Structures are given as C-alpha cells and as structure tokens.
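All remarks here apply to the structure that follows.
Hydrogens, waters and symmetry mates play no part in the numbers below; they use all other heavy atoms, side chains included. Proteins come first, then strands; the chains are lettered A, B, ... in the order of their sequence lines, and each starts at number 1. Treat the numbers as computed from the prediction; the structure is a model and nothing was measured.
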There are 2 protein chains.
Amino acid sequence: MSNEFSLGSVQVASTPLERFEEYLQSKGKRFTQQRRILIEQVFSHHDHFDADDLLALLAERVGSRTVSRPTVYRGLAELVEAGLLRKMVLGGRSVYEHDYGYPSHDHLHCTECNDLIEFHSEQLEAIRDAVAREHGFRVGSHRLIISGICQACQEKRRRKKSRLDRI
Amino acid sequence: MSNEFSLGSVQVASTPLERFEEYLQSKGKRFTQQRRILIEQVFSHHDHFDADDLLALLAERVGSRTVSRPTVYRGLAELVEAGLLRKMVLGGRSVYEHDYGYPSHDHLHCTECNDLIEFHSEQLEAIRDAVAREHGFRVGSHRLIISGICQACQEKRRRKKSRLDRI
DNA sequence: TTTCATGCAAAATGTTTGCACACGA
DNA sequence: TCGTGTGCAAACATTTTGCATGAAA
C-alpha cells in the first residue's frame, strides 16, 4: 500500500534502547533490570497495548524476573516522557504505541473488534495548522480518531445476517 | 466571526425537552422530577461540563430538590443515548456538550487553562470520508482534538516572562 | 398498584502513592 | 556507600451497581 494515506518512514540514529539510556542519564536515573525488561518487551514488536496487555506479556516471559504493576505504570509514563511512546485514551483506558522512529499518524477505531488502523494525512495537518493560525493557537499535538466499523467486521455482520435470513 | 472554520447553525423542530420526552416515551421510561431538573440545567446555557460541574451547579439551585450523584451519571448517559449530549474523554474525566440542535464541530484544547475552542471544517470531513473509503471502513463518528496553548495563555506567559526579564 | 427511578452505600475500575527494603552507580 | 527504584498494600478518583424505598403512570 502506497497512496495518499499510507505511512512513510522515519530515519533515526539510535535504537529505542539507546535513546532511553540517554534519557535516563540526562535525568540522573538508573538503568535497572525492570526498565530493561520493559523497553525490550515494548519494542519487541509494533502494536497498540495498554498496561494490562503489557503486564500479561511480561507474565508469560518465564524465567526472567517479572515487573510489578506500579513499576509498569511508572515505566510507561517514563517512556512517554522520553518520547519513545505515545499515549492515547480509548474507552476509559490508556493505550500506548511506538512514537520514536515511527511516523506520525492518526487512527480508525473499530468499535466492534477494537482494532486500530493507522493512517497519515498531510492535508489533515494543513487543516490543523490553518485552524490554529486562525485562533492564534500554538499547536502542541493533535489526535484524530475516526470511530466506526472495519471492513472485516462489516463482512462478519453481513454473513451473520444472511445466515439468519436463510432460516 | 464567519469564515472557513466558523460553526454554522442547525434548525431543529423541537426543543431538547420535547425531544427528551419523546425519547423517554419510546423507551417506556418516566419523566421524573430529577430528569426534568437535569435537562433544564444542562440546556440552560451552552458550555462544556463534567459530572462534577453539573453536580455543583445543581447544588447551587436552592429550594429545588437536588439530584444525587448516581442519578446524574445515569441521566448523562441517557442524554447521550437520546442524542441530546455528546461525550468526550479529556484528561481522565468525561466531558459533555450539547449535541442536539448544535452544529458538528471539533476542538482546540488549551492544556494551560483547559479551555475548549470549537471549530468546524468541511475539509476535515472530506478527509475522514476519503480515508474511510480507502479502508472499506464505515464511519460512525470522529473526534479531533488539537492540543496546545491558546492565545490568551500565550500572552499571559509572555507577560510573565518579560516581568521576570525586567528583574 | 405496578413498575420504574432514586438515593444510599458499597463495589468496581484504572491508576497512583507511601513506605520499607533492594539494588545500581 | 548512597540515593534511587521496586514491590507491596493501601489510597485514589471516577464511575457503576445492588438494593430498599419512593414516586410516576
């Protein structure tokens, strides 16, 4: 897929781990076992997750020490502050995704299966800046979530419906 | 103000109260004192509010019976379900605003004074629909919040800064 | 006179905090 | 060693729920 709304890519000089170490250093914080486990787990694959998802994944990692709930929350806050993760609130819980080294984007949110589909739009950013200029507003960030039903769930519904119709 | 991003207006046949009564009727629900007080308070003026704001306003209404916290929450949910209010989550709490009879819009959110500035953009809706079409996604709604610092707060900062500079 | 609605208190949810102990630099 | 980080338990803030009582229709 490479069209108007596809995500580009971002070049970064250092790995998330390296960047996190720099951040910790700059703040006089220590690079502990828990912080290492957290960043390894979080950047082992790209997806959207909340604190509970992360806790569950960590619990599966047999052998290695686990990370407690408070430390997971504290760690996520640090990763956001370090610019490595981006946080959004969806249905009353905080959902995180990669930020560092990942192109800026917005989301389609399927209210049926809870899936998040990413897209990017330059035009959207242009509108954002135009609206802000109009109001003398200094933009920090923006968040657009389009809610609805994804293609897969629409098809699921259609199948279910035609099955009912046949009875 | 009447430009690209200003809000139009919406014509509606009935008042919020009338519409609420219809909704209650259709659901076999009763038009109680509490529901009357709630809708009167909520539609007495246009702004953004959360459950606590509403509870505080209700507490000020001397004389008239007050409405309990659970009933306020239940009532707000009903008003959203009835299409009278729109709900959004901002900083961990639910914020409500008029929906019925009020034009669709998005928000600039000042992270300094917490103010919400409304704007409308046809272009944004066009982008939303184009992205959705691209993904075979059926749009239910969307929510765009642009976070940053409003003009007034920027000026406040500037004044504070120059005051410090003079020392 | 039958439901449905309310208020109270308690529970649930997601997240944060105080504190004693553990550990990285 | 020193001071930061951790885990535990408890606190927290917001919202929801069970249930006995109260009030619409």
Side-chain angles (χ1 to χ4, degrees), chain A residues 17-18 20-42 48-59 61 64-82 85-97 114, chain B residues 17 20-42 48-59 61 64-82 85-96 114:
Chain A
L17 177 68
E18 286 164 351
F20 191 37
E21 286 182 310
E22 273 169 41
Y23 165 81
L24 293 174
Q25 190 115 82
S26 76
K27 295 279 180 180
K29 295 180 164 190
R30 292 166 183 173
F31 187 60
T32 61
Q33 288 302 309
Q34 287 83 343
R35 285 183 174 129
R36 189 181 50 71
I37 294 169
L38 281 179
I39 197 154
E40 278 177 13
Q41 179 60 54
V42 163
H48 302 86
F49 63 95
D50 64 19
D52 272 329
D53 295 334
L54 180 50
L55 238 6
L57 286 169
L58 291 169
R61 293 166 60 114
S64 72
R65 179 192 321 206
T66 184
V67 181
S68 72
R69 183 171 287 274
T71 298
V72 162
Y73 276 103
R74 287 186 276 234
L76 287 171
E78 273 174 2
L79 292 174
V80 169
E81 152 118 19
L85 289 184
R86 176 196 300 243
K87 173 179 170 174
M88 77 186 117
V89 177
L90 218 67
R93 54 208 308 144
S94 297
V95 176
Y96 300 83
E97 64 179 359
N114 227 28
Chain B
L17 178 68
F20 191 38
E21 287 182 309
E22 273 169 41
Y23 164 81
L24 292 174
Q25 190 116 82
S26 75
K27 295 279 180 177
K29 295 180 166 192
R30 293 165 184 174
F31 187 60
T32 60
Q33 288 302 308
Q34 287 82 345
R35 285 184 174 129
R36 188 181 51 71
I37 293 170
L38 281 180
I39 197 154
E40 277 177 14
Q41 178 59 53
V42 163
H48 301 87
F49 63 95
D50 63 19
D52 272 329
D53 295 334
L54 180 50
L55 239 5
L57 286 169
L58 291 169
R61 293 166 61 114
S64 71
R65 179 193 321 207
T66 185
V67 181
S68 72
R69 183 171 287 274
T71 298
V72 163
Y73 277 102
R74 287 186 276 234
L76 287 171
E78 272 174 3
L79 292 174
V80 169
E81 152 119 18
L85 289 183
R86 177 194 298 244
K87 173 178 170 175
M88 77 186 115
V89 177
L90 219 68
R93 54 208 308 145
S94 297
V95 177
Y96 300 84
N114 227 29

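Interatomic distance, Leu85(B) CG to Ile39(B) CD1, rounded to the nearest 0.5 Å: 8.0 Å. In this structure, the separation between CG on Leu58(B) and CD on Gln41(B) is 5.5 Å, given to the nearest 0.5 Å.
Across all non-hydrogen atoms, the minimal contact from Asp50(A) to Ser94(A) is CB-O, 3.1 Å. Gln34(B) approaches Thr71(B) most closely through the heavy-atom pair CB-CG2, 4.0 Å.
Leu24(A) has its CG atom 15 Å from the C1' atom of dT6(D), to the nearest Å. Atom CZ of Phe20(B) is separated from atom P of dA5(C) by 10 Å (rounded to the nearest Å). Following rounding to the nearest Å, Leu55(B) (CG) and dA13(D) (C1') show an atom-to-atom distance of 14 Å. If you take CD of Gln25(B) and C1' of dC4(C), they are 15 Å apart, rounded to a whole angstrom. Residue Leu79(B) contributes atom CG, which lies 15 Å from atom C1' of dA5(C) at whole-angstrom precision. The interatomic distance linking Leu38(A) (CG) with dG7(D) (C1') rounds to 14 Å, in whole Å.
Over its full length, the helix from dT1(C)-dA25(D) to dA25(C)-dT1(D) turns its helical axis through 30°, comparing axes from the five pairs at each end and rounding to 10°.
Residues Phe49(B) and Leu76(B) form a side-chain contact, since some pair of their non-hydrogen atoms from C-beta on lies under 4.5 Å apart. Using a 4.5 Å cut-off on side-chain heavy atoms (C-beta onward), Arg30(A) and Leu24(A) make no contact.
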Practice item. Heavy atoms under 4.0 Å is the rule here; annotate nucleotides 15-25 of chain D 5' to 3' with B where the base is hit, S where only the sugar-phosphate is, and - elsewhere. Key: BBBB----BBS
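Proximity of a side-chain donor or acceptor of Arg36(A) to a complementary backbone N or O of Phe31(A) within less than 3.5 Å is not detected.
Look at Asp52(B) and Arg69(B) and you find a salt bridge, because one of the NZ, NE, NH1 or NH2 atoms lies within 4.0 Å of a carboxylate O, short of that distance.
The only option from Glu21(B), Glu78(B), Glu81(B), Glu22(B) that meets the salt bridge (Lys or Arg N to Asp or Glu O under 4.0 Å) definition with Lys27(B) turns out to be Glu81(B).
When the shell of 6.0 Å around CD of Glu40(B) is examined, it contains more than 12 heavy atoms from other residues, nucleotides or ligands. Summarising the local packing, CD of Gln25(B) is surrounded by 12 or fewer heavy atoms from other residues, nucleotides or ligands at distances under 6.0 Å.
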Polar atoms only, N or O, under 3.5 Å: list the protein pairs with nucleotides 10-12 of chain D and their distances.
none

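Ser68(B) has no side-chain polar atom (N or O) that falls below the 4.0 Å cut-off from OP1 or OP2 of dT6(C).
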